[in-house]
Amino acid sequence: MNDADSSADAVDQVRQWLAERGKLPADATAPTDQSRTADQARSVASAQPADAAAPGGSMADPADELAAAGEQASSAGAGDRSSQGPGAAGTREPGRRPRRGRRAQKRVSAEETGPLFSSDSEAEEEARTIVLRQLTGQARTRAELEKKLADKEIPADTAKQVLDRFTDVGLINDSEFARSWVESRQQRRNLSRTALRQELRRKGVDPEIIGDAVGIVETDDEYVAALDLAQRKVRTMGGLTPETRKRRLVGALARRGFSSSIVYRVLDEVLDAEPE
């Protein structure tokens, strides 16, 4: 038997051995990527009988073909593993690692941003600009301005210095703000003292200042405001039964914070004046 025949027999034996074990289709063809399985091919060839090798102990002619066969078997095995689902060994759910990488990148970016302002003077200038912009067109409480500066990441010490300066020159005055607020809201919105206190509290006004401002509203002032509100509401209730009108008026006056004594006093006057 010559060298060529020996090599061909060795190739046939290896192909048959792989096919019997389900690792290689009987009619498999060689893939193009041969470099990754060259060592595997040579180790298989070395396991054949000595007379299967070419003179000098090499398998020069069939090595590439055997390597290609090994690559085909390896590819088939990889396909089997991929069909086992995301939990199989050696597999990874698509996208999981990149998501972790993005979260880590965000954390690093947040840590590396550094101070928002390069100097105290820059922060102070920005704070003044923000306060002036907020005060343009309407008055605001100190607490409202403090929150706005905090939202813009102005340092607390800088914010206090700027707000103190604006307070000293009278541009920020919570007492004046509270008095103007009470006069305007009580007359235009027909609010009770209770409702006015709640609004000023939400704006961060000091309780003592709130008490002084709301104290200017007398009981008669509340009654006039409640009566005006009820008269406007009842004009929109044409066609409703007296019981329905009464229920809706009670709800409207109660939502404005009027006491029960004022509510029923107003109801008696408004509903008695309504035609049956």
Quiz item: Going from CD on Glu218 to CD on Gln186, what distance comes out if it is rounded to the nearest 0.5 angstrom?
Solution: 10.5 Å
Quiz item: Hey, quick one: are Val214 and Val224 part of the same hydrophobic cluster, counting side-chain heavy atoms closer than 4.5 Å, chains of contacts allowed?
Solution: no
Exercise. State plainly whether one hydrophobic cluster holds both Val205 and Leu135, where clusters connect Ile, Leu, Val, Met, Phe, Trp and Tyr through side-chain heavy atoms under 4.5 angstrom apart.
Key: no
Exercise. Would you mind telling me which of Thr194, Leu191, Leu227, Val217 makes a side-chain contact (heavy atoms from CB on, under 4.5 Å) with Glu222?
Key: Val217
Self-check item: side-chain contact (heavy atoms from CB on, under 4.5 Å) assessment of Leu240 paired with Arg248
Solution: CA-CA 10 Å; Leu240 299 178; Arg248 293 190 179 183; 3.5 Å; yes
Quiz item: In Å, rounded to the nearest 0.5 Å, how long is the span from CG of Leu149 to OG1 of Thr158?
Solution: 9.5 Å
Quiz prompt | Cation-pi check, Arg265 onto Tyr223 ring (under 6.0 Å, within 45° of axis) | solution = yes
Exercise. Would you check if the side chain of Thr236 reaches a backbone N or O of Lys233 as a donor-acceptor pair within less than 3.5 Å?
Key: yes
Exercise. Determine yes or no for a side-chain-to-main-chain donor-acceptor pair under 3.5 angstrom, with Arg140 supplying the side chain and Gln134 the backbone.
Key: yes
Practice problem: Go through the steps for Val182 and Leu200 under the test side-chain contact (heavy atoms from CB on, under 4.5 Å), then give the verdict. | Solution: CA-CA 9 Å; Val182 167; Leu200 290 173; 4.0 Å; yes
Practice problem: Give the minimum heavy-atom separation between Ala230 and Val270, together with the two atoms involved. | Solution: CB-CG2, 3.8 Å
Exercise. Flag the pair Arg179 and Glu176 as a salt bridge only when some basic side-chain nitrogen lies within less than 4.0 angstrom of an acidic carboxylate oxygen.
Key: yes
Quiz item: Looking only at heavy atoms, what is the nearest atom pair of Asp174 and Thr141, with distance?
Solution: OD1-CA, 3.3 Å
Quiz prompt | Carboxylate-amine/guanidinium contact Arg201 Asp206, below 4.0 Å | solution = no
Self-check item: Pair Lys152 + Glu126, salt bridge at N-O below 4.0 Å
Solution: no
Quiz item: Any link between Ile216 and Phe258 through a network of hydrophobic side chains (Ile, Leu, Val, Met, Phe, Trp, Tyr) touching at under 4.5 Å?
Solution: no
Exercise. Any chance you could lay out the side-chain contact (heavy atoms from CB on, under 4.5 Å) test for Thr244 and Met237, step after step, and finish with the verdict?
Key: CA-CA 9 Å; Thr244 301; Met237 298 180 182; over 6 Å; no
Quiz prompt | Between CG on residue Asp228 and CZ on residue Arg189, distance to nearest 0.5 Å | solution = 12.0 Å
Practice problem: Take Asp164 and Arg142 through the salt bridge (charged side-chain N to carboxylate O under 4.0 Å, His left out) test and state the conclusion after the steps. | Solution: CA-CA 9 Å; Asp164 286 345; Arg142 178 169 178 133; 2.7 Å; yes
Quiz item: Any idea which heavy atoms bring Ala127 and Val162 closest together, and the distance?
Solution: CB-CG2, 3.8 Å
Quiz prompt | Test item: Gln198 side-chain N/O and Arg193 main-chain N/O as donor-acceptor pair under 3.5 Å | solution = no
Quiz item: Roughly how far apart are Gln231 CD and Leu249 CG, rounded to 0.5 Å?
Solution: 10.5 Å
Exercise. Could you tell me whether Asp120 atom CG has more than 12 heavy atoms of other residues or ligands within 6.0 Å of it?
Key: no
Quiz prompt | Pairwise distance CG(Leu163) to CG(Leu171) - rounded to 0.5 angstrom | solution = 11.5 Å
Quiz item: Any ion pair linking Arg128 and Glu124 (charged N to carboxylate O, less than 4.0 Å)?
Solution: yes
Quiz item: Should Phe177 and Ile172 be regarded as members of a common hydrophobic cluster, given that ILVMFWY residues are connected when their side-chain heavy atoms come within less than 4.5 Å of each other, either directly or indirectly?
Solution: no
Exercise. With rounding to the nearest 0.5 Å, note down the distance linking CG in Leu145 to NZ in Lys147.
Key: 11.5 Å
Self-check item: Criterion side-chain hydrogen bond (donor to acceptor under 3.5 Å, both in side chains) against Asn190, the qualifying member of Arg256, Arg232, Arg185
Solution: Arg232
Quiz item: Going only through I, L, V, M, F, W and Y residues with side-chain contacts under 4.5 Å, is there a path from Leu196 to Ile262?
Solution: no
